[in-house]
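First the proteins, then the strands, lettered A, B, ... as listed; each starts at 1. Just the heavy atoms: all of them, side chains too, but no hydrogens, waters or symmetry mates, feed the values below.
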Amino acid sequence: MTPRITLATALRVLTQLRHDHRTLALLLVVPCVLLTLLRWMYDDRGPVFDSIGAPLLGLFPFVVMFLVTSIATLRERTTGTLERLLTMPLGKLDLLLGYGLAFGLLAVVQATLAAALVLGPLDLDIAGPHWVLLLVAVLDALLGMALGLFLSAFASTEFQAVQFMPAVVLPQLLLCGLFVPREELPRALEVLSDVLPLSYAVEAMTEVSAVADPFPGFLGPLGVVGGFTVAALVLGAATLRRRTA
Amino acid sequence: MVRSRRTVLDDVSFRVPRGSLTGMLGPSGCGKTTLMRAIVGVQRLARGRVSVLGLAAGSAPLRHRLGYVTQAPSVYGDLTVRQNLRYFADVLGAPRCDVERVITQVGLDDHADVLTARLSGGQRSRASLATALLGRPELLVLDEPTVGLDPVLRRDLWDLFARMAASGVTLLVSSHVMDEARRCERLLLLREGRLIADDTPGELLAATGTSDVEQAFLRIVEQGAS
(Lines give C-alpha, C1' and ligand atoms only; values in the text may rest on other atoms or scores of the structure.)
Protein backbone atom coordinates (compact mmCIF):
# COMPACT_ATOMS: atom_id res chain seq x y z
CA MET A 1 0.00 0.00 0.00
CA THR A 2 1.02 3.64 -0.55
CA PRO A 3 0.00 6.39 1.91
CA ARG A 4 -0.40 8.85 -0.98
CA ILE A 5 -2.97 6.61 -2.67
CA THR A 6 -4.75 5.75 0.58
CA LEU A 7 -5.16 9.45 1.40
CA ALA A 8 -6.24 10.31 -2.13
CA THR A 9 -8.88 7.59 -1.91
CA ALA A 10 -10.17 8.87 1.44
CA LEU A 11 -10.37 12.41 0.04
CA ARG A 12 -12.15 11.16 -3.05
CA VAL A 13 -14.78 9.34 -0.97
CA LEU A 14 -15.32 12.45 1.18
CA THR A 15 -15.65 14.63 -1.94
CA GLN A 16 -18.27 12.25 -3.31
CA LEU A 17 -20.19 12.55 -0.04
CA ARG A 18 -19.86 16.32 -0.11
CA HIS A 19 -21.73 16.39 -3.41
CA ASP A 20 -24.53 14.32 -1.90
CA HIS A 21 -26.07 16.71 0.61
CA ARG A 22 -29.11 14.60 1.30
CA THR A 23 -27.12 11.50 2.24
CA LEU A 24 -24.87 13.58 4.44
CA ALA A 25 -27.85 15.12 6.21
CA LEU A 26 -29.50 11.73 6.68
CA LEU A 27 -26.28 10.28 8.06
CA LEU A 28 -25.91 12.97 10.67
CA VAL A 29 -29.51 13.78 11.54
CA VAL A 30 -31.27 10.40 11.59
CA PRO A 31 -29.42 8.96 14.62
CA CYS A 32 -30.11 12.17 16.54
CA VAL A 33 -33.81 12.11 15.68
CA LEU A 34 -34.13 8.45 16.66
CA LEU A 35 -32.36 8.95 19.97
CA THR A 36 -34.61 11.93 20.74
CA LEU A 37 -37.66 9.84 19.89
CA LEU A 38 -36.42 7.12 22.21
CA ARG A 39 -35.81 9.55 25.04
CA TRP A 40 -39.32 10.85 24.63
CA MET A 41 -40.82 7.34 24.64
CA TYR A 42 -39.23 6.62 28.00
CA ASP A 43 -39.89 10.07 29.42
CA ASP A 44 -41.91 8.73 32.37
CA ARG A 45 -39.86 5.62 32.95
CA GLY A 46 -36.76 7.28 34.37
CA PRO A 47 -33.78 4.89 34.38
CA VAL A 48 -34.78 2.80 31.34
CA PHE A 49 -33.26 5.33 28.95
CA ASP A 50 -30.08 5.34 31.02
CA SER A 51 -29.67 1.60 30.46
CA ILE A 52 -30.52 1.42 26.74
CA GLY A 53 -29.42 4.90 25.62
CA ALA A 54 -25.72 4.05 25.43
CA PRO A 55 -26.07 0.70 23.57
CA LEU A 56 -28.34 2.39 21.04
CA LEU A 57 -25.83 5.19 20.63
CA GLY A 58 -23.43 2.48 19.42
CA LEU A 59 -26.05 0.77 17.33
CA PHE A 60 -27.14 3.60 15.05
CA PRO A 61 -23.71 4.39 13.65
CA PHE A 62 -23.18 0.64 13.17
CA VAL A 63 -26.35 0.23 11.10
CA VAL A 64 -25.90 3.42 9.10
CA MET A 65 -22.27 2.71 8.25
CA PHE A 66 -23.12 -0.86 7.26
CA LEU A 67 -25.67 0.38 4.77
CA VAL A 68 -23.66 3.25 3.34
CA THR A 69 -20.51 1.19 2.89
CA SER A 70 -22.17 -1.81 1.31
CA ILE A 71 -23.88 0.39 -1.28
CA ALA A 72 -20.75 2.49 -1.92
CA THR A 73 -18.58 -0.58 -2.48
CA LEU A 74 -21.20 -2.24 -4.62
CA ARG A 75 -21.36 0.85 -6.81
CA GLU A 76 -17.58 0.76 -7.12
CA ARG A 77 -17.86 -2.83 -8.34
CA THR A 78 -20.77 -2.37 -10.74
CA THR A 79 -19.73 0.92 -12.39
CA GLY A 80 -16.35 -0.45 -13.44
CA THR A 81 -14.33 2.00 -11.36
CA LEU A 82 -13.06 -0.88 -9.23
CA GLU A 83 -11.84 -2.76 -12.30
CA ARG A 84 -10.13 0.40 -13.54
CA LEU A 85 -8.47 1.02 -10.17
CA LEU A 86 -7.23 -2.56 -10.01
CA THR A 87 -5.43 -2.12 -13.35
CA MET A 88 -3.65 0.87 -11.73
CA PRO A 89 -0.92 0.82 -9.08
CA LEU A 90 -3.49 0.80 -6.29
CA GLY A 91 -3.16 -1.75 -3.49
CA LYS A 92 -6.31 -3.39 -2.18
CA LEU A 93 -5.44 -2.03 1.25
CA ASP A 94 -5.28 1.50 -0.20
CA LEU A 95 -8.90 1.15 -1.21
CA LEU A 96 -10.06 -0.46 2.05
CA LEU A 97 -8.17 1.93 4.29
CA GLY A 98 -9.19 4.88 2.14
CA TYR A 99 -12.83 3.98 2.69
CA GLY A 100 -12.03 3.25 6.33
CA LEU A 101 -10.48 6.69 6.85
CA ALA A 102 -13.27 8.56 5.10
CA PHE A 103 -16.15 6.72 6.72
CA GLY A 104 -14.25 6.57 10.02
CA LEU A 105 -14.05 10.35 10.01
CA LEU A 106 -17.73 10.52 9.22
CA ALA A 107 -18.40 8.07 12.05
CA VAL A 108 -16.49 10.33 14.45
CA VAL A 109 -18.62 13.31 13.43
CA GLN A 110 -21.83 11.29 13.60
CA ALA A 111 -21.04 9.71 16.95
CA THR A 112 -19.87 13.03 18.42
CA LEU A 113 -23.09 14.73 17.39
CA ALA A 114 -25.25 11.92 18.75
CA ALA A 115 -23.24 11.64 21.96
CA ALA A 116 -23.33 15.40 22.55
CA LEU A 117 -27.09 15.33 22.11
CA VAL A 118 -27.63 12.33 24.35
CA LEU A 119 -25.31 13.43 27.13
CA GLY A 120 -26.43 17.07 26.96
CA PRO A 121 -30.05 17.95 26.20
CA LEU A 122 -31.32 14.35 26.46
CA ASP A 123 -29.70 14.02 29.85
CA LEU A 124 -28.35 10.47 29.60
CA ASP A 125 -26.66 9.43 32.80
CA ILE A 126 -23.69 7.15 32.28
CA ALA A 127 -21.30 5.95 34.95
CA GLY A 128 -18.16 5.79 32.85
CA PRO A 129 -16.19 8.63 31.22
CA HIS A 130 -17.76 10.28 28.18
CA TRP A 131 -14.80 9.87 25.87
CA VAL A 132 -14.94 6.10 26.30
CA LEU A 133 -18.58 6.19 25.17
CA LEU A 134 -17.49 8.08 22.07
CA LEU A 135 -14.61 5.70 21.41
CA VAL A 136 -16.89 2.68 21.57
CA ALA A 137 -19.47 4.37 19.32
CA VAL A 138 -16.80 5.08 16.68
CA LEU A 139 -15.44 1.54 16.81
CA ASP A 140 -18.98 0.19 16.43
CA ALA A 141 -19.37 2.38 13.36
CA LEU A 142 -16.11 1.01 11.94
CA LEU A 143 -17.35 -2.52 12.55
CA GLY A 144 -20.50 -1.72 10.58
CA MET A 145 -18.33 -0.30 7.80
CA ALA A 146 -16.07 -3.37 7.63
CA LEU A 147 -19.03 -5.78 7.58
CA GLY A 148 -20.75 -3.73 4.88
CA LEU A 149 -17.61 -3.77 2.79
CA PHE A 150 -17.22 -7.52 3.08
CA LEU A 151 -20.86 -8.40 2.49
CA SER A 152 -21.21 -6.15 -0.54
CA ALA A 153 -19.13 -8.74 -2.39
CA PHE A 154 -22.10 -11.12 -2.18
CA ALA A 155 -24.59 -8.71 -3.68
CA SER A 156 -24.80 -8.10 -7.39
CA THR A 157 -27.50 -5.43 -7.27
CA GLU A 158 -28.38 -2.61 -4.91
CA PHE A 159 -31.68 -4.36 -4.16
CA GLN A 160 -29.75 -7.31 -2.81
CA ALA A 161 -27.34 -5.12 -0.87
CA VAL A 162 -30.18 -3.34 0.92
CA GLN A 163 -31.73 -6.70 1.82
CA PHE A 164 -28.54 -7.64 3.66
CA MET A 165 -29.51 -5.13 6.28
CA PRO A 166 -32.57 -7.11 7.56
CA ALA A 167 -30.78 -10.40 6.81
CA VAL A 168 -27.51 -9.65 8.57
CA VAL A 169 -28.13 -6.79 10.97
CA LEU A 170 -31.60 -7.56 12.39
CA PRO A 171 -30.77 -11.06 13.73
CA GLN A 172 -27.75 -9.58 15.48
CA LEU A 173 -29.93 -6.82 16.89
CA LEU A 174 -32.45 -9.34 18.24
CA LEU A 175 -29.77 -11.46 19.88
CA CYS A 176 -27.41 -8.75 21.11
CA GLY A 177 -28.88 -8.62 24.62
CA LEU A 178 -31.00 -5.49 24.30
CA PHE A 179 -34.30 -7.39 24.21
CA VAL A 180 -33.45 -10.38 26.40
CA PRO A 181 -30.18 -10.53 28.36
CA ARG A 182 -27.94 -12.89 26.43
CA GLU A 183 -27.40 -15.29 29.34
CA GLU A 184 -31.19 -15.75 29.60
CA LEU A 185 -31.57 -16.76 25.94
CA PRO A 186 -32.21 -20.42 25.06
CA ARG A 187 -28.85 -22.15 25.08
CA ALA A 188 -28.54 -22.50 21.30
CA LEU A 189 -29.31 -18.81 20.76
CA GLU A 190 -26.90 -17.80 23.49
CA VAL A 191 -24.13 -19.72 21.72
CA LEU A 192 -25.15 -18.08 18.46
CA SER A 193 -25.08 -14.63 20.05
CA ASP A 194 -21.56 -15.42 21.33
CA VAL A 195 -20.25 -15.47 17.77
CA LEU A 196 -22.09 -12.35 16.54
CA PRO A 197 -20.05 -9.14 16.61
CA LEU A 198 -22.90 -6.83 17.59
CA SER A 199 -23.26 -8.66 20.94
CA TYR A 200 -19.82 -7.40 21.90
CA ALA A 201 -20.46 -3.90 20.60
CA VAL A 202 -23.50 -3.66 22.88
CA GLU A 203 -21.66 -5.31 25.77
CA ALA A 204 -18.89 -2.71 25.61
CA MET A 205 -21.46 0.09 25.59
CA THR A 206 -23.35 -1.42 28.54
CA GLU A 207 -20.10 -1.71 30.46
CA VAL A 208 -19.32 1.97 29.88
CA SER A 209 -22.77 3.12 30.92
CA ALA A 210 -23.04 0.94 34.05
CA VAL A 211 -19.55 0.90 35.56
CA ALA A 212 -17.87 4.06 36.87
CA ASP A 213 -14.41 2.73 36.12
CA PRO A 214 -14.91 0.66 32.97
CA PHE A 215 -11.20 -0.25 32.73
CA PRO A 216 -10.41 -2.95 31.95
CA GLY A 217 -13.93 -4.41 31.72
CA PHE A 218 -14.90 -2.82 28.40
CA LEU A 219 -11.59 -3.61 26.76
CA GLY A 220 -12.47 -7.31 26.35
CA PRO A 221 -15.63 -6.82 24.28
CA LEU A 222 -14.05 -3.84 22.52
CA GLY A 223 -11.12 -6.05 21.54
CA VAL A 224 -13.57 -8.55 20.06
CA VAL A 225 -15.25 -5.73 18.08
CA GLY A 226 -11.81 -4.68 16.80
CA GLY A 227 -10.99 -8.29 15.91
CA PHE A 228 -14.19 -8.69 13.93
CA THR A 229 -13.49 -5.39 12.14
CA VAL A 230 -10.00 -6.45 11.09
CA ALA A 231 -11.22 -9.91 10.06
CA ALA A 232 -14.02 -8.42 7.95
CA LEU A 233 -11.54 -6.03 6.30
CA VAL A 234 -9.13 -8.87 5.50
CA LEU A 235 -11.98 -10.97 4.09
CA GLY A 236 -13.16 -7.88 2.21
CA ALA A 237 -9.69 -7.50 0.68
CA ALA A 238 -9.86 -11.13 -0.43
CA THR A 239 -13.08 -10.38 -2.32
CA LEU A 240 -11.39 -7.62 -4.34
CA ARG A 241 -10.03 -9.73 -7.16
CA ARG A 242 -7.81 -8.26 -9.81
CA ARG A 243 -8.74 -11.07 -12.15
CA THR A 244 -12.36 -12.08 -12.56
CA ALA A 245 -14.11 -14.58 -14.78
CA MET B 1 -10.58 -18.68 -23.11
CA VAL B 2 -13.71 -19.56 -21.21
CA ARG B 3 -15.96 -16.91 -19.66
CA SER B 4 -19.13 -17.78 -17.71
CA ARG B 5 -18.57 -21.40 -18.76
CA ARG B 6 -18.85 -20.32 -22.38
CA THR B 7 -15.83 -20.42 -24.62
CA VAL B 8 -15.37 -16.81 -25.71
CA LEU B 9 -11.98 -16.89 -27.37
CA ASP B 10 -10.53 -19.94 -29.00
CA ASP B 11 -7.07 -20.32 -30.48
CA VAL B 12 -6.39 -16.59 -30.84
CA SER B 13 -2.75 -15.70 -31.33
CA PHE B 14 -1.21 -12.43 -32.48
CA ARG B 15 1.52 -9.88 -31.81
CA VAL B 16 1.07 -6.13 -31.71
CA PRO B 17 4.28 -4.22 -32.54
CA ARG B 18 5.26 -1.39 -30.20
CA GLY B 19 4.36 2.11 -31.29
CA SER B 20 1.60 0.93 -33.60
CA LEU B 21 -2.06 1.80 -33.84
CA THR B 22 -3.91 -1.47 -34.08
CA GLY B 23 -7.64 -1.77 -34.55
CA MET B 24 -9.61 -4.69 -33.24
CA LEU B 25 -12.78 -5.04 -35.23
CA GLY B 26 -15.67 -7.38 -35.03
CA PRO B 27 -19.38 -7.50 -34.31
CA SER B 28 -20.75 -7.08 -30.83
CA GLY B 29 -20.25 -10.27 -28.80
CA CYS B 30 -17.29 -11.54 -30.83
CA GLY B 31 -14.91 -11.49 -27.85
CA LYS B 32 -13.24 -8.08 -28.22
CA THR B 33 -13.85 -7.04 -24.63
CA THR B 34 -12.73 -10.38 -23.22
CA LEU B 35 -9.53 -10.20 -25.25
CA MET B 36 -8.85 -6.66 -24.03
CA ARG B 37 -9.52 -7.70 -20.43
CA ALA B 38 -7.00 -10.50 -20.89
CA ILE B 39 -4.40 -8.02 -22.15
CA VAL B 40 -4.82 -5.63 -19.23
CA GLY B 41 -4.79 -8.62 -16.89
CA VAL B 42 -8.24 -8.55 -15.31
CA GLN B 43 -9.54 -11.62 -17.11
CA ARG B 44 -9.06 -15.07 -15.64
CA LEU B 45 -7.76 -17.34 -18.40
CA ALA B 46 -8.71 -20.97 -18.87
CA ARG B 47 -5.41 -21.49 -20.67
CA GLY B 48 -3.04 -19.60 -22.90
CA ARG B 49 -0.48 -16.90 -22.34
CA VAL B 50 -0.63 -13.14 -22.75
CA SER B 51 2.56 -11.14 -22.59
CA VAL B 52 2.50 -7.33 -22.51
CA LEU B 53 5.60 -5.11 -22.95
CA GLY B 54 7.70 -8.21 -22.27
CA LEU B 55 5.94 -9.06 -18.99
CA ALA B 56 3.13 -11.43 -18.09
CA ALA B 57 -0.22 -9.62 -18.47
CA GLY B 58 -1.49 -8.30 -15.17
CA SER B 59 1.90 -8.21 -13.42
CA ALA B 60 2.39 -5.36 -10.97
CA PRO B 61 5.05 -3.31 -12.86
CA LEU B 62 2.64 -3.00 -15.80
CA ARG B 63 0.10 -1.09 -13.73
CA HIS B 64 2.10 2.14 -14.19
CA ARG B 65 2.62 1.53 -17.88
CA LEU B 66 -0.77 0.87 -19.39
CA GLY B 67 -4.05 2.72 -19.71
CA TYR B 68 -7.34 0.90 -20.08
CA VAL B 69 -10.73 2.28 -21.01
CA THR B 70 -13.71 0.01 -20.53
CA GLN B 71 -16.65 0.16 -22.87
CA ALA B 72 -18.98 1.55 -20.20
CA PRO B 73 -17.47 4.79 -18.86
CA SER B 74 -15.87 4.01 -15.51
CA VAL B 75 -15.73 7.32 -13.69
CA TYR B 76 -17.41 8.48 -10.50
CA GLY B 77 -20.75 10.08 -11.39
CA ASP B 78 -20.84 12.07 -8.17
CA LEU B 79 -17.51 13.79 -8.87
CA THR B 80 -16.77 16.46 -11.45
CA VAL B 81 -14.58 15.62 -14.44
CA ARG B 82 -11.65 17.44 -12.85
CA GLN B 83 -12.12 15.77 -9.47
CA ASN B 84 -12.25 12.36 -11.14
CA LEU B 85 -9.04 13.04 -13.03
CA ARG B 86 -7.25 14.44 -9.99
CA TYR B 87 -8.02 11.29 -8.07
CA PHE B 88 -6.84 8.95 -10.83
CA ALA B 89 -3.73 11.14 -11.34
CA ASP B 90 -2.95 10.75 -7.63
CA VAL B 91 -3.38 6.98 -7.85
CA LEU B 92 -1.04 6.85 -10.85
CA GLY B 93 1.40 9.30 -9.30
CA ALA B 94 0.98 11.56 -12.35
CA PRO B 95 1.61 15.29 -11.95
CA ARG B 96 -1.39 17.58 -11.43
CA CYS B 97 -0.70 19.46 -14.68
CA ASP B 98 -1.55 16.23 -16.50
CA VAL B 99 -5.16 16.73 -15.49
CA GLU B 100 -5.50 19.94 -17.52
CA ARG B 101 -3.64 18.41 -20.47
CA VAL B 102 -5.96 15.41 -20.78
CA ILE B 103 -9.10 17.52 -20.28
CA THR B 104 -8.05 19.54 -23.33
CA GLN B 105 -7.05 16.43 -25.29
CA VAL B 106 -10.56 15.00 -25.03
CA GLY B 107 -12.19 18.40 -25.52
CA LEU B 108 -13.90 18.70 -22.15
CA ASP B 109 -12.54 22.15 -21.12
CA ASP B 110 -16.05 23.58 -20.93
CA HIS B 111 -17.31 20.72 -18.79
CA ALA B 112 -14.37 20.19 -16.44
CA ASP B 113 -16.35 21.27 -13.38
CA VAL B 114 -19.60 19.47 -14.17
CA LEU B 115 -20.56 16.33 -12.26
CA THR B 116 -19.93 13.43 -14.63
CA ALA B 117 -23.40 12.03 -13.89
CA ARG B 118 -24.84 15.17 -15.53
CA LEU B 119 -22.80 14.77 -18.74
CA SER B 120 -24.11 13.22 -21.93
CA GLY B 121 -23.08 9.66 -22.73
CA GLY B 122 -20.42 10.78 -25.20
CA GLN B 123 -18.98 13.34 -22.78
CA ARG B 124 -18.88 10.74 -20.03
CA SER B 125 -16.99 8.28 -22.21
CA ARG B 126 -14.51 11.04 -23.07
CA ALA B 127 -14.00 11.68 -19.35
CA SER B 128 -13.30 7.96 -19.01
CA LEU B 129 -10.87 8.10 -21.94
CA ALA B 130 -9.09 11.10 -20.38
CA THR B 131 -8.29 8.97 -17.35
CA ALA B 132 -6.35 6.51 -19.48
CA LEU B 133 -4.26 9.34 -20.98
CA LEU B 134 -2.95 10.42 -17.56
CA GLY B 135 0.71 9.76 -16.84
CA ARG B 136 2.83 8.28 -19.58
CA PRO B 137 1.18 5.04 -20.63
CA GLU B 138 3.25 2.94 -23.01
CA LEU B 139 0.24 0.88 -23.98
CA LEU B 140 -3.34 2.07 -24.33
CA VAL B 141 -6.12 -0.47 -24.53
CA LEU B 142 -9.31 1.29 -25.56
CA ASP B 143 -12.59 -0.59 -25.73
CA GLU B 144 -14.91 1.19 -28.19
CA PRO B 145 -13.80 4.70 -27.19
CA THR B 146 -15.61 6.48 -30.00
CA VAL B 147 -19.11 5.03 -29.67
CA GLY B 148 -21.84 7.65 -29.90
CA LEU B 149 -19.49 10.55 -30.59
CA ASP B 150 -19.97 13.38 -33.02
CA PRO B 151 -18.03 12.67 -36.26
CA VAL B 152 -15.82 15.75 -35.79
CA LEU B 153 -14.85 14.60 -32.34
CA ARG B 154 -14.31 11.08 -33.57
CA ARG B 155 -11.92 12.32 -36.20
CA ASP B 156 -10.10 14.44 -33.58
CA LEU B 157 -9.71 11.45 -31.29
CA TRP B 158 -8.37 9.23 -34.07
CA ASP B 159 -5.92 12.04 -34.91
CA LEU B 160 -4.86 12.02 -31.26
CA PHE B 161 -4.43 8.23 -31.34
CA ALA B 162 -2.30 8.48 -34.49
CA ARG B 163 -0.12 11.19 -32.91
CA MET B 164 0.34 9.09 -29.79
CA ALA B 165 1.33 6.06 -31.87
CA ALA B 166 3.81 8.27 -33.78
CA SER B 167 5.36 9.26 -30.45
CA GLY B 168 5.92 5.59 -29.59
CA VAL B 169 2.80 4.65 -27.64
CA THR B 170 1.22 1.32 -28.57
CA LEU B 171 -2.52 1.55 -29.03
CA LEU B 172 -5.05 -1.22 -29.32
CA VAL B 173 -8.47 0.20 -30.12
CA SER B 174 -11.62 -1.84 -30.57
CA SER B 175 -14.59 -0.80 -32.60
CA HIS B 176 -17.56 -2.35 -34.29
CA VAL B 177 -17.61 0.48 -36.82
CA MET B 178 -15.69 -0.94 -39.75
CA ASP B 179 -14.89 2.40 -41.41
CA GLU B 180 -12.80 3.42 -38.41
CA ALA B 181 -10.41 0.73 -39.63
CA ARG B 182 -8.96 3.12 -42.20
CA ARG B 183 -7.24 4.99 -39.37
CA CYS B 184 -5.36 1.93 -38.13
CA GLU B 185 -1.95 0.68 -39.21
CA ARG B 186 -2.94 -2.89 -38.49
CA LEU B 187 -6.23 -4.67 -38.18
CA LEU B 188 -7.35 -7.65 -36.18
CA LEU B 189 -10.71 -9.00 -37.29
CA LEU B 190 -12.55 -11.11 -34.77
CA ARG B 191 -15.66 -13.17 -35.28
CA GLU B 192 -17.25 -15.62 -32.86
CA GLY B 193 -14.15 -15.77 -30.71
CA ARG B 194 -11.73 -16.48 -33.55
CA LEU B 195 -9.18 -14.25 -35.18
CA ILE B 196 -10.10 -14.25 -38.87
CA ALA B 197 -7.60 -11.66 -40.11
CA ASP B 198 -4.42 -9.97 -38.88
CA ASP B 199 -3.08 -7.59 -41.53
CA THR B 200 -2.57 -3.99 -42.58
CA PRO B 201 -5.75 -2.44 -44.04
CA GLY B 202 -4.14 -2.23 -47.49
CA GLU B 203 -3.05 -5.85 -47.57
CA LEU B 204 -6.39 -6.99 -46.22
CA LEU B 205 -8.25 -5.22 -49.02
CA ALA B 206 -5.78 -6.48 -51.63
CA ALA B 207 -5.97 -10.08 -50.42
CA THR B 208 -9.77 -10.10 -50.46
CA GLY B 209 -10.10 -8.00 -53.60
CA THR B 210 -12.50 -5.60 -51.90
CA SER B 211 -12.68 -1.84 -51.48
CA ASP B 212 -13.67 -1.49 -47.85
CA VAL B 213 -13.18 -3.37 -44.60
CA GLU B 214 -16.83 -4.30 -44.24
CA GLN B 215 -16.68 -6.03 -47.63
CA ALA B 216 -13.40 -7.69 -46.71
CA PHE B 217 -14.95 -8.99 -43.49
CA LEU B 218 -17.89 -10.48 -45.41
CA ARG B 219 -15.58 -12.01 -48.01
CA ILE B 220 -13.47 -13.74 -45.35
CA VAL B 221 -16.57 -15.08 -43.58
CA GLU B 222 -18.00 -16.37 -46.85
CA GLN B 223 -14.73 -18.01 -47.84
CA GLY B 224 -14.54 -19.65 -44.43
CA ALA B 225 -18.06 -21.02 -44.82
CA SER B 226 -17.55 -22.45 -48.29
Measure [X] against the heavy atoms of chain B and call it side chain, backbone, both or neither at under 4.5 Å.
X      : answer
R4(A)  : side chain
R12(A) : both
T9(A)  : both

Salt-bridged, [X] to [Y], with N to O below 4.0 Å?
X       : Y       : value
R136(B) : D98(B)  : no
R186(B) : D198(B) : yes
R75(A)  : D78(B)  : yes

Taking the side chain as every heavy atom from C-beta outward, state whether [X] and [Y] have any atom pair closer than 4.5 Å.
X       : Y       : answer
L171(B) : V169(B) : yes
R124(B) : R118(B) : no
K32(B)  : Q71(B)  : no
R37(B)  : T70(B)  : no

Using a 4.5 angstrom heavy-atom cutoff, name the option from [options] with the most pairs to chain B.
options                : result
L17(A), L85(A), T81(A) : T81(A)
P89(A), G80(A), A8(A)  : P89(A)
R84(A), E83(A), H19(A) : R84(A)

- Examine whether an atom of L62(B) lies under 4.5 Å from a heavy atom of chain A, and if so say whether it belongs to the side chain, the backbone or both; otherwise answer neither.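 Neither part; nothing is under 4.5 Å.
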- Proximity breakdown for P73(B) and chain A, heavy-atom pairs closer than 4.5 Å: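 Looking at P73(B), just its backbone touches chain A.
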- Select, from G41(B), S74(B), P61(B), the one with the greatest count of heavy-atom pairs under 4.5 Å involving chain A.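 Most heavy-atom pairs under 4.5 Å with chain A: S74(B).
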